[in-house]
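By convention in this document, chain letters (A, B, ...) are assigned in the order of the sequence lines, proteins followed by strands, and residues within each chain are numbered from 1.
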Number of protein chains: 4
Amino acid sequence: MNTFGHVFRVTTWGESHGPAIGCVIDGCPAGLKIDEEFIRREMERRRPGKWFASKRVETDRVEILSGILDGCTLGTPILMLIKNVDVDSKPYLKLRDVFRPGHADYTYWKKFGLRDWRGGGRASGRETAARVAAGAIAKQILGIFGISIFGYVREIGGIKCEVDDLELAMRLAKESEISCPDKEAEEKIVERIKEAMDEGDSLGGIIEVVAKNVPPGLGEPVFGKIDAYLAYAVMGIPAIKGVEIGRGFESARLKGSESNDQMSLRSGKIRFLSNNSGGVLGGISNGEEIIIRAAVKPTPSISKKQRTVNYKEMKDVEISVTGRHDPCIVPRAVPVVEAMVALVLVDLMMMQGLIPRSLTNHLQPET
Amino acid sequence: MNTFGHVFRVTTWGESHGPAIGCVIDGCPAGLKIDEEFIRREMERRRPGKWFASKRVETDRVEILSGILDGCTLGTPILMLIKNVDVDSKPYLKLRDVFRPGHADYTYWKKFGLRDWRGGGRASGRETAARVAAGAIAKQILGIFGISIFGYVREIGGIKCEVDDLELAMRLAKESEISCPDKEAEEKIVERIKEAMDEGDSLGGIIEVVAKNVPPGLGEPVFGKIDAYLAYAVMGIPAIKGVEIGRGFESARLKGSESNDQMSLRSGKIRFLSNNSGGVLGGISNGEEIIIRAAVKPTPSISKKQRTVNYKEMKDVEISVTGRHDPCIVPRAVPVVEAMVALVLVDLMMMQGLIPRSLTNHLQPET
Amino acid sequence: MNTFGHVFRVTTWGESHGPAIGCVIDGCPAGLKIDEEFIRREMERRRPGKWFASKRVETDRVEILSGILDGCTLGTPILMLIKNVDVDSKPYLKLRDVFRPGHADYTYWKKFGLRDWRGGGRASGRETAARVAAGAIAKQILGIFGISIFGYVREIGGIKCEVDDLELAMRLAKESEISCPDKEAEEKIVERIKEAMDEGDSLGGIIEVVAKNVPPGLGEPVFGKIDAYLAYAVMGIPAIKGVEIGRGFESARLKGSESNDQMSLRSGKIRFLSNNSGGVLGGISNGEEIIIRAAVKPTPSISKKQRTVNYKEMKDVEISVTGRHDPCIVPRAVPVVEAMVALVLVDLMMMQGLIPRSLTNHLQPET
Amino acid sequence: MNTFGHVFRVTTWGESHGPAIGCVIDGCPAGLKIDEEFIRREMERRRPGKWFASKRVETDRVEILSGILDGCTLGTPILMLIKNVDVDSKPYLKLRDVFRPGHADYTYWKKFGLRDWRGGGRASGRETAARVAAGAIAKQILGIFGISIFGYVREIGGIKCEVDDLELAMRLAKESEISCPDKEAEEKIVERIKEAMDEGDSLGGIIEVVAKNVPPGLGEPVFGKIDAYLAYAVMGIPAIKGVEIGRGFESARLKGSESNDQMSLRSGKIRFLSNNSGGVLGGISNGEEIIIRAAVKPTPSISKKQRTVNYKEMKDVEISVTGRHDPCIVPRAVPVVEAMVALVLVDLMMMQGLIPRSLTNHLQPET
């Protein structure tokens, strides 16, 4: 179950402290010119090394070993490989026989009978680098069809960002080191992250992602609905504990007359008068902006003392998780959520027949 | 995409106003004694006809046409058929050429180029009867392994239910007509629903479902994680706009030291000291209770005037959706959420090898 | 695993002596006018009751319970139901505790721990009626694109049919009660079948199916190749023991210079000078006729004495399988092979984006 | 569609003249000790460089970049990478604008709108190296359960090998450079291959693979039958044109009384008295040896003059395919067929619940 997607299928592989991580993309249309610089920029957004992030130094350079010829996709599987450059498993040695609270140590052990103790292995957030790489290809395909995806930090440590104008927010978030679209909130958030760092603690937050120009008709009822598919895609990102579409949990408190998006003609076209639905009706896109929010729990690696169990010796212990961890993973998770949304949209567009198998405007030989 | 599941696979079929609806279950273990009375009771919980629900009178009797012999599963596909008894498409005739706000009319039309105008067709909540039927089989399988699933109304129309003791809540919710575990809140909710009915309006709410005795090790990283799978299952239910696991969106506001569930030994067993994670770590069940909440939007069918478009004549119109609708679908959605959770759990248990292909303790012929 | 197909997906269900059998088709394009008379004719070709076939009298009338409105597909699942009318399980009672040689009795028992002893249950050839019903829908879709599928008996009981002109063969086979395109061979075959009947024995044979006007480009390397997919589809039909494409096993004895289909231009189009490949190169259709042959083993139900084991008493026994069986199933299997080929072609065309999700030339509302 | 398998899933990637080829194995049980020397030996059997094979010099060393720790599988995806060392695309430059007869050049072009002209790209037999690597893992798993797979050349260029004693054949075939179990036939075959080489031509043949100790109960009716699955697996290997199980096409000429495998008790166990069925009844393994044969067409690359079309200039041309090709691919295809059979068996065993998710006899921490 390391494959995502039905037609545009991404299989990720690799452990945090193994020689490399990466993915295979199967089902990518032929004839796509790969923009390697765009991939690099996307990787950069998720890359560790910033002040509020892990100090691990990774170049996150993506090597493509198959599926392209002269920079153009062949329609065959694309192997993307990212070497793990700065691996240091030593800090994990002393945690080898304990289950770190909030981590997958215990559950991997219960499931597989053994576990990769080096940096979380496959459960590490590092795996998401492969998702961003695959998402960068997906975004390029969407770009051909005028579809864009934009994510930003909605809230960190309880401090909410005010967003009135989405276009402005997009610009501000891009300029912000922590993808925050509200200057005032940003300052407070930075302060709070630093406090958490000082306390040896960590913070969570909320991310919002918006997809624009999504054509109506995407989503496959009744078990491949676009909202269900997005929820699946986003909830599967490490540390995500909640997902909502449009007004989400708020809509539980509205009346039908407040929640329904009414419709009318504008310049001869059918238009919705509001977008409480977040662009989804009956599990199918309605042409409005797709809006999805995700709750990110605080990073479980904290240096504060915590109780846990040493399972080799079967005794209670107290641990402090040191090493190179993110006091707040939320900003780095933004491109990951975007990537998953991009994968969903490309896949559904291919299922709906909106993306041809070949993007070449090739001169077919007459047959 | 009308099939749910990987190993225990449920395919639902049928339109609200067609001759019948139902499902095929493929991959059910052989040798399961089917308890038809239990299926009947589960169907009863979702059945329309109560004061706060649609006035459509359906018996919702499930006929099983294949996959069983002498009341016992054969391991072959189980066809479940529910006749549509009380169909009245007349009220929909006048809405035939308009898109009802909040409904899937517009999106189905955009996707398929035509739509079943009779009662919402496949997008009707009636489709979920087939899910409850399949879920009843899944619950019986889970019961063999001591796993139980219990759902209740957490909130309707903004009125929250207080739940301190889950065992008590379970008992109270079962006695409550609206699956409400808090007597005081129940009275207020009933009042509010009646108000909404009088106004020709509708209400939404929040449902919580708890699964007990779930073994650790369920969930298939990185794209078949139990939380992602649950989110997918529940978000795909009609009218659901948000899903959260454990502390969910609240955990975005916690610190790591508050959010992490610490561990210790108790009577020689490894135990979690809290369950903020809702029973899931790294996308794998940890043996604690699985807790999931879903936000239900208010029923879109309201008799209050709404603006929309007649697409045959391409002109703005105002409509009032009359007919037999639910002013509040939340209580009837409880067994549907439970059913989807049951389907997920059975499927993951089979993937983990915890449910044998045959439940018979048959005397194998020596070979 | 009772579902066939990736996009156009058919799930069959039902036991030979249960109340009904049938299938669900998921992924059928919307806007297809269903020709019920065509379905009836296809069912008739496979129907029992002819002199060389089982004496069971089935009307094999297909009821469609979902997925259509006013005779037109909605794009939602199509439930097809065929009642089992003439069920007589009595002759099987005395075989209840033995494994009939050549049948699936033993293997179903080993797999599921129990088995449906009534007429073979799910392993009965009766299950293929549902495939023919689904194939009839697939053929209608293919017809829109000018693709036709035609099968005939190539050989029965060792007597080969001569076929020089495929058009002529098609006409003769249609007129022949046993789908035989060679009058001379037909007489001998009928004679041989009658001999086998008199001996209480049965015969096998070879079926050839040809698909015309198949567009080039169908097939999904490297694990969804059209030849692999056809082999999978046809080998899974009961009683099939071999499958070959084009020259098949004969090509193992050719040289490269004899086997390769050379190419040249004709009226400005690229053409193959021969079709040894049977229309497939590198697992992708090349635009030539797809040619597939299947070996059918003789019906295992024979009245001749056979040794087997009574597994309740664990002792050797001799049995004679009486009841209503086919001395030669080959002619009735022809429409089944055709149906499976049709399912493969529709599925691959949808995967290649050659069949739209909606076949309506609907006037889209301007949005 | 570059993924094979349902539970034990192999995704292959890579072009013949790209930097590398390989595969990802997803779903491999945890706790398997990887025998790298065994992988090396399996790769060696398929490796080019022998007198009758392509002169391309590949080391075919398999690097494992993920999914293992200390030589033991983690239950996470296993990335296997094989560098393409000896790539020489020059001979293909002059064939860049023509379709080589018998190759996939034309069909890839029609499907994807462009093609990798360098050595056949993805359609090259080189892709099968990744299958052998994956198969080597599968064989190790099967070995734990006592299941072995053995293939040999049954026929080349029309010269048949006599096989009376399978154990003896196995030994002889292993000693034979061309996997031939019959010394006398081997000499004639070598002679014939040399003749074909001198003529600039090529030869095909037939391969038989036998799987021993396969437990009964494998196979998932009605669309995941073991014979259908094997046919799919083997027909998808490049150059295969026919597949048969047990007596195969021969059984079409038998009577039921000759074809049925009768049963009796031997030492208190149920036994079949013959194995015409090739170990499969009703699409489920019956505990006897699984026997499968595949027809291999002659290598399409021949230096003999052939007619084809230059599609850039749209004119008829004659070509001679020079370069490093195999005059007879049959012996090198033997381990490929074995590998595909191994993948099918492991997958079906996991589906039947016969292989646990974890092969560690780990000391589970008491919970």
> Is it the side chain or the backbone of C/T11 that comes within 4.5 Å of chain D heavy atoms, both, or neither?
neither
> Salt bridge check: are D/K255 and C/D201 linked by an N-O gap of less than 4.0 Å?
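Here D/K255 does not pair with C/D201 in a salt bridge, since their nearest N and O are not under 4.0 Å apart.
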> Checking C/F272 against chain D: side chain, backbone, both or neither under 4.5 Å from a heavy atom?
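For C/F272, the contact with chain D is made by the side chain alone.
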> Heavy-atom distance under 4.5 Å to chain D: side chain of C/V296, backbone, both or neither?
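Backbone of C/V296 only, per the 4.5 Å heavy-atom cut-off to chain D.
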> Among D/V309, D/I245, D/V222, which residue forms the greatest number of heavy-atom pairs with chain C at distances under 4.5 Å?
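When all of D/V309, D/I245, D/V222 are compared, D/V222 has the most.
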> Under a 4.5 Å heavy-atom cut-off, does chain D meet the side chain of C/H103, its backbone, both or neither?
backbone
> Would you compute the distance between atom CD1 of C/I159 and atom CD of C/E155 and round it to the nearest 0.5 angstrom?
9.0 Å
> Is it true that C/K111 and D/E220 have a side-chain N and a carboxylate O under 4.0 angstrom from each other?
yes
> Where does C/R100 contact chain D at under 4.5 Å (heavy atoms): side chain, backbone, both or neither?
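It is neither, since no heavy atom gets under 4.5 Å.
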> Output the option from C/G217, C/G205, C/G256 having the highest count of non-hydrogen pairs under 4.5 Å with chain D.
C/G256
> Out of D/S257, D/G102, D/G283, D/P238, which one racks up the most heavy-atom pairs below 4.5 Å with chain C?
D/S257
> Measure distances from C/S277 to the heavy atoms of chain D and classify the residue's part below 4.5 Å as side chain, backbone, both or neither.
both
> Is the distance between the ring centroids of D/Y232 and C/F223 under 6.0 Å?
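No, too far apart.
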> Please classify the contact between C/K225 and chain D as side chain, backbone, both or neither, with a heavy-atom cut-off of under 4.5 Å.
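For C/K225, the side chain is the part near chain D, not the backbone.
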> Please flag which part of C/Q306 lies under 4.5 Å from any non-hydrogen atom of chain D: side chain, backbone, both or neither.
both
> Can you tell me which portion of D/I226 sits under 4.5 Å from chain C's heavy atoms? Options are side chain, backbone, both or neither.
neither
> Of all of D/H6, D/M351, D/R247, D/R131, which one pairs up most often with chain C through heavy atoms under 4.5 Å apart?
D/R131
> Side chain from CB out, backbone as N, CA, C, O: work out which of these in C/E199 comes under 4.5 Å of a heavy atom of chain D, or both, or neither.
side chain
> When the ring planes of D/Y311 and D/W109 are compared, do they come out parallel, tilted or perpendicular, using 30° and 60° as the limits?
tilted
> Test D/E127 against D/T12 for side chain to side chain contact (heavy atoms under 4.5 Å, CB included), laying out the working first.
CA-CA 8 Å; D/E127 179 264 338; D/T12 73; 2.9 Å; yes
> Report which part of C/I302 has an atom under 4.5 Å of a heavy atom belonging to chain D: side chain, backbone, both, or neither.
side chain
> I need the minimum non-hydrogen distance between D/C23 and D/W13, along with the two atoms involved.
N-NE1, 3.2 Å
> If only side-chain N and O atoms count, and only distance matters, is there a donor-acceptor pair under 3.5 Å linking C/N276 with C/S259?
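Result is no, nothing qualifies.
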> Shorter than 4.5 Å, heavy atoms on both sides: which option in C/A196, C/G120, C/P221, C/G282 has the most such pairs with chain D?
C/P221
> Out of C/V243, C/I240, C/L254, return the one with the most heavy atom pairs under 4.5 angstrom to chain D.
C/V243
> Heavy-atom pairs under 4.5 Å with chain C: which of D/L203, D/V10, D/D227 has the most?
D/D227
> Taking atom types as modelled, is there a side-chain donor on C/S274 or C/D261 under 3.5 Å from an acceptor on the other?
yes
> Of the listed residues (C/R122, C/R253, C/M263, C/E244), which shares the most heavy-atom pairs with chain D below a 4.5 Å separation?
C/M263
> To the closest 0.5 Å, what do you measure between NZ (D/K269) and OG (D/S264)?
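OG of D/S264 is found 14.0 Å from NZ of D/K269.
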> Look at D/G204, D/A104, D/P298, D/P327 and state which one has the largest set of heavy-atom pairs under 4.5 Å with chain C.
D/P298
> Using a cut-off of under 4.5 Å for heavy-atom pairs, which of C/G219, C/S301, C/G157 has the most such pairs with chain D?
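Top option by heavy-atom pairs under 4.5 Å: C/G219.
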> Test of understanding: with salt bridge (Lys or Arg N to Asp or Glu O under 4.0 Å), list the residues that count as partners of D/R154, not counting sequence neighbours.
D/E208
> Quick one, D/N286 and D/P216 - any side-chain contact, counting heavy atoms below 4.5 Å?
no
> Would you please indicate if the ring centroids of D/F99 and D/Y108 are separated by under 6.0 Å?
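No, too far apart.
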> Return the option, out of C/P300, C/A294, C/A252, with the maximum number of heavy-atom pairs under 4.5 Å with chain D.
C/A252
